[in-house]
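The sequence lines fix the lettering, A, B, ..., with proteins before strands; numbering per chain opens at 1.
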Amino acid sequence: MSLKAWIVTGAFIGGLAVPVLAAAGQDAVLAQYKTQAIAADPAFAGFSAKRGAELYKSSNSAGGPDTPSCSSCHTASPLKAGMTRAGKAIEPMAVSASPSRFTDIAKTEKWFGRNCKTVLGRACSAQEKGDFITYLSGL
Amino acid sequence: MRIVFAALLTVFTSLPALAYRVAPVADKVTQTECGACHMVYPAALLPARSWDAITADLANHFGEDASLEQTVVDGIKAYLMANAGDVAGDGRGLIRGLPQDQTPLRITELPMFTRIHGNFSPRTMKKIGVAGNCSFCHQAATKGMFEDD
């Protein structure tokens, strides 16, 4: 093969590999939450995108008055960029729009920890975290 | 001639006041962690005791949970305190006129801040969201540059 053909083939395989790797990253994070969800409830029957969507859109009063919902900052459409209260842009939450979402467990855990407290006034369960990621991975 | 000279003199003597510069945040962790929800505030904009108080309660940070692992907090706190306006700076600038016994948690609460900006109108507030959104009006605020524009 010519050098050019190699480059084209390489770019093609590289292009294919990126989404596959990203999916593998989300799978690894989801697998951790699944293990935790089973430990918390042996009757765990899988994650639900529908419940994840409900959590994303729900309006709550137990958290901060300026942040009743995940959608307060992440906006009503997870495919769109969000904005913090202080005016900073947030990359979209949907994996199809931001492939690196939920691929770094430390980052994902840090923000679930903070934002569930800010919005719900409590921590999220492993079930809720898995539902949320399942919803945002399927859009 | 004399009037022109006087006018020029006024322009020149007021020039230094047209740009206020402080060192931007150089610490990577502080840049990332303290720049996730808003612009990274240069350390010189507050006295060390304010940074001490802010980093002591990140779980209750202006109505949001901004908590971090303690080792990470310790590093950020050390950086911000060492570069605070009353430590690395000359104690002038925005913290000028701040009574020693006060520990503001906000830059926007400093007496100098209010003296320069007055109170933002409701129309302005609607555009900027929060007064601490310095970079909306000062494009290079994260770089520590506050131009009079």
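In this structure, CG in A:Asp66 is found 8.0 Å from CD in B:Glu64, a value given to the nearest 0.5 Å.
In this structure, A:Lys88 contributes its side chain and B:Gly35 its backbone to a donor-acceptor pair below 3.5 Å. A donor-acceptor pair under 3.5 Å is formed between the side chain of A:Arg114 and the backbone N or O of B:Ser67.
Each of A:Trp111 and A:Phe132 belongs to its own hydrophobic cluster when Ile, Leu, Val, Met, Phe, Trp and Tyr are linked at side-chain heavy-atom distances under 4.5 angstrom. In the hydrophobic cluster analysis, where Ile, Leu, Val, Met, Phe, Trp and Tyr join through side-chain heavy atoms closer than 4.5 angstrom, A:Met83 is grouped apart from A:Leu136. Under the 4.5 Å side-chain contact rule for hydrophobic residues, B:Tyr79 and B:Val73 share a cluster. B:Met145 and B:Leu94 are assigned to two separate hydrophobic clusters, defined by single-linkage of ILVMFWY side chains at heavy-atom distances under 4.5 Å.
Between chain B and the options A:Thr118, A:Thr67, A:Ile90, heavy-atom pairs under 4.5 Å are most frequent for A:Thr118. For the set B:Ser135, B:Gly132, B:Ala66, the count of heavy-atom pairs under 4.5 angstrom toward chain A peaks at B:Ala66.
Proximity to chain A is absent for every atom of B:Phe136, based on heavy atoms less than 4.5 angstrom apart. For B:Ala36, the parts lying near chain A are the backbone and the side chain together; criterion is any non-hydrogen pair under 4.5 Å.
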**OP:** Quick one: do A:Arg85 and B:His38 satisfy side chain to side chain contact (heavy atoms under 4.5 Å, CB included)? Show the steps, please.
**Re:** CA-CA 8 Å; A:Arg85 284 169 54 217; B:His38 45 64; over 6 Å; no

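Contact of the A:Lys110 side chain with the B:Glu69 side chain is not registered, since no non-hydrogen atoms from C-beta on lie closer than 4.5 Å.
One finds a salt bridge joining A:Lys117 and B:Asp65 here, because a Lys/Arg side-chain nitrogen approaches an Asp/Glu carboxylate oxygen to under 4.0 Å.
In this structure, A:Glu54 places its CD atom where more than 12 heavy-atom neighbours from other residues, nucleotides or ligands lie under 6.0 Å away. Annotation for B:Arg115: atom CZ does not count as buried by contact number, only 12 or fewer foreign heavy atoms lying within 6.0 Å. The number of heavy-atom neighbours closer than 6.0 Å to CD of B:Gln100, taken from other residues, nucleotides and ligands shown, is 12 or below. No more than 12 heavy atoms of other residues, nucleotides or ligands sit less than 6.0 Å from atom CZ of B:Arg21.
Between B:Cys37 and A:Ala86, the shortest heavy-atom contact is O-CB, 3.6 Å.
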